[in-house]
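Single-structure report; data block below.
What you see below is based on every heavy atom in this structure, not just the backbone, and it leaves out hydrogens, waters and symmetry mates. So that the names make sense, note that chain A is the first sequence line, chain B the second, and so on, each numbered from 1.
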Protein chains: 2
Amino acid sequence: MRMMIKPDLKEAVEQLKKAVSTKEFIALVCLCEADYVGRARSFLENGERLLIIKEDTSFLIHRPRGLEPVNWQPPPNYVGVTVKGDHIVLTVKRVRKPEKVVVRIHKVRSIFSGRLEDKGGFQMYLSEKEISEILRMHPELVEEGFRVTSAEAREKTGVVDIVGVDANNRRTIVEIKKDRAGLEAVRQLTRYAGGIGQGVRIVLLAPGVTEEAERMLRRNRMEFRRISMLDLTKILVRERSLEKSGIKKYL
Amino acid sequence: MRMMIKPDLKEAVEQLKKAVSTKEFIALVCLCEADYVGRARSFLENGERLLIIKEDTSFLIHRPRGLEPVNWQPPPNYVGVTVKGDHIVLTVKRVRKPEKVVVRIHKVRSIFSGRLEDKGGFQMYLSEKEISEILRMHPELVEEGFRVTSAEAREKTGVVDIVGVDANNRRTIVEIKKDRAGLEAVRQLTRYAGGIGQGVRIVLLAPGVTEEAERMLRRNRMEFRRISMLDLTKILVRERSLEKSGIKKYL
DNA sequence: GATTGTATCTCGCAA
DNA sequence: TTGCGAGGTACAATC
């Protein structure tokens, strides 16, 4: 692990080359310009940015504002470092596609490189899949008397989360959205419903629905039911072994 | 602009707080864990990562591998720094949405903060010459049945024109603008079209058009057609003879 | 490898 | 603010 503040060109190049060759994680604040050629073309004029080269050669250029990187290259990449006159030329070229970013680095403000130790697990909760799982275990949350007949989550025409029958033994398809359902969700559902016979109830389950989406639902004789993500989370927390997962401390 | 290597907790907190309060750009390599609660929930166990807080409060956590950040928050955010026992607690909470990331920082490997000077322009790029070339090769992109009889680039106005005939053998002049066409573009076009006889179609091709410009076009019986510079770029990249002037040279 | 669908998508634009 | 489409989308799953 090594770090330098305002190194001169020679020092910076040396560390950069070494770090690249040993595939260390690199975070470099510098004055630079960058060209991209590949699926499109772009040119980024001179300015101060943060460059990131990861251990798997993932590459990012971040400007001082905005969430998204201005330039990037998904791994794997060939990474080259050379010196041309008074600046460093960093070339990042994708292995499997004809794409590359060329960065001309004029001044290095700071450079960090090292191997980062990161074995920590990452877990997302309450994805649509997990919601579906909970509802399969607790069909009464969908509707009184509802029974699940098919645990199959996907069919060819689109995404279907739960198939079952309601209290009157009528076939019912339940689609789940974890966010407020918009037009796109309803469209997706409509596409699927096109291949379904008459007399089948179609229910959209979500924390909310936009006005237009609800209108579209009505036009297509489909139903909306509100569901509380908080309730589902409580069930998840109650029923899962949570010692190692860590979500417990939130609730 | 300030940077520290392996600072102790107190030093790190001090710099972090100051940098956050003055909205400096921050790049922090540290051992940390992170929780996200919002549209979904996630938990990231302990490990070494790069944290980025931008001048507009954009927030990113990058692991040592993978292009995408493992956690993030689009601006604007409230950013809070506190100390709890032996670790720093960084809270990044979105202003307009119920979402937050809480990071517990256990060890700081290095911290950079400062204001980055970045006024450099950024643009996707296609020269007029290239646009003209692509459309000559693919006249169907102008319109179904269109055939080119001549093409010429006027560099001063940033407009390319192509002369041809449409599917009905009617003479058609196509003007191309790289950027969204405003009133000025239409004025120039009108001036140019003034010397043209009646019965000739005039079509403006651009990525977009302002409302007023479109009205002016209609008044002058001219047409607008939307064209995607990105699509053209893709065609260029895909189909150009690579030996002479194409992408190959770059790659 | 090509296609398809999701995403804490983000972002810009328009109504 | 909400909806809608584009993106160098990236990425995983599927064919």
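Taking side-chain N and O atoms only, B:Trp72 has a distance below 4.0 Å to OP1 or OP2 of C:dT10.
Counting any heavy atom pair closer than 4.0 Å across all strands shown, A:Gln73 reaches a base atom. When heavy atoms are screened at a 4.0 angstrom cut-off, B:Glu99 is found touching base atoms of the nucleic acid. Residue contacts shown for A:Thr210 are limited to sugar-phosphate atoms, with no base heavy atom under 4.0 Å away.
We find that CG of B:Leu60 is positioned 13 Å from C1' of C:dT8, with the value rounded to whole Å. Look at CD on A:Glu68: it is 17 Å from P on C:dA7, rounded to the nearest Å. The CZ-P distance, from A:Arg65 to C:dG12, rounds to 13 Å in whole Å. Counting to the nearest Å, the P atom of C:dT10 and the NE2 atom of A:His62 are 13 Å from each other. Separating the CD atom of A:Glu211 from the C1' atom of C:dA15 is a distance of 14 Å, rounded to the nearest angstrom. The CD1-P distance, from A:Ile176 to C:dG5, rounds to 19 Å in whole Å. Atom CD in B:Glu214 sits about 14 Å away from atom C1' in C:dC13, given to the nearest Å. In this structure, A:Asn77 atom CG and D:dA10 atom C1' are separated by 14 Å, rounded to whole Å.
Among the nucleotides D:dG7, C:dT10, D:dG8, the one closest to the side chain of B:Pro74 is C:dT10. Set against D:dG8, C:dT8, C:dC11, the side chain of B:Met124 has D:dG8 as its closest nucleotide. The side chain of B:Leu67 lies closest to D:dC11, out of C:dC11, D:dG8, D:dC11. Nearest to the side-chain atoms of A:Leu183 among the listed nucleotides D:dT9, D:dC4, C:dT8 stands D:dC4. Comparing C:dC9, D:dT9, D:dC11 by their nearest atom to the side chain of A:Arg39 picks out D:dT9. Comparing C:dT8, D:dG8, D:dC4 by their closest approach to the side chain of A:Glu212 singles out D:dC4.
Between D:dC11 and D:dG7, the distance separating the two C1' atoms is 14 Å to the nearest Å. Using P as the reference atom, C:dG5 and D:dG8 are 22 Å apart when rounded to the nearest Å. C:dT4 and C:dT8: their P atoms are spaced 23 Å apart (whole Å). One C1' atom belongs to C:dC11, the other to C:dA7, and the distance between them is 14 Å to the nearest Å.
Looking at A:Leu67 and B:Leu60, their side chains come closer than 4.5 Å, going by heavy atoms from C-beta outward. Between A:Arg171 and A:Val163 the shortest side-chain heavy-atom distance falls below 4.5 Å.
Ring geometry for B:His106 versus B:His87: interplanar angle of 30 to 60°, hence tilted.
We find that A:Lys93 and A:Glu99 are not joined by a salt bridge, their nearest charged nitrogen and carboxylate oxygen being 4.0 Å or further apart. Note on B:Glu55 versus B:Arg115: salt bridge recorded, some NZ/NE/NH1/NH2 to OD/OE distance being below 4.0 Å.
When each of B:Arg94 and A:Arg96 is assigned the nucleotide of DNA chain C bearing its nearest heavy atom, the one mapping closer to the 5' terminus is A:Arg96. Mapped onto DNA chain D by nearest heavy atom, A:Ala213 and B:Gly66 fall at different nucleotides, with A:Ala213 at the one closer to the 5' end. In terms of position along DNA chain D, the nucleotide closest to A:Gly182 lies nearer the 5' end than the nucleotide closest to the other residue of the pair A:Gly182 and A:Val70. Residue-to-nucleotide proximity on DNA chain C shows that, of B:Val209 and B:Ser58, the 5′-proximal contact is made by B:Ser58.
Nearest heavy atoms, B:Glu24 versus B:Ser113: OE1-OG, 3.3 Å.
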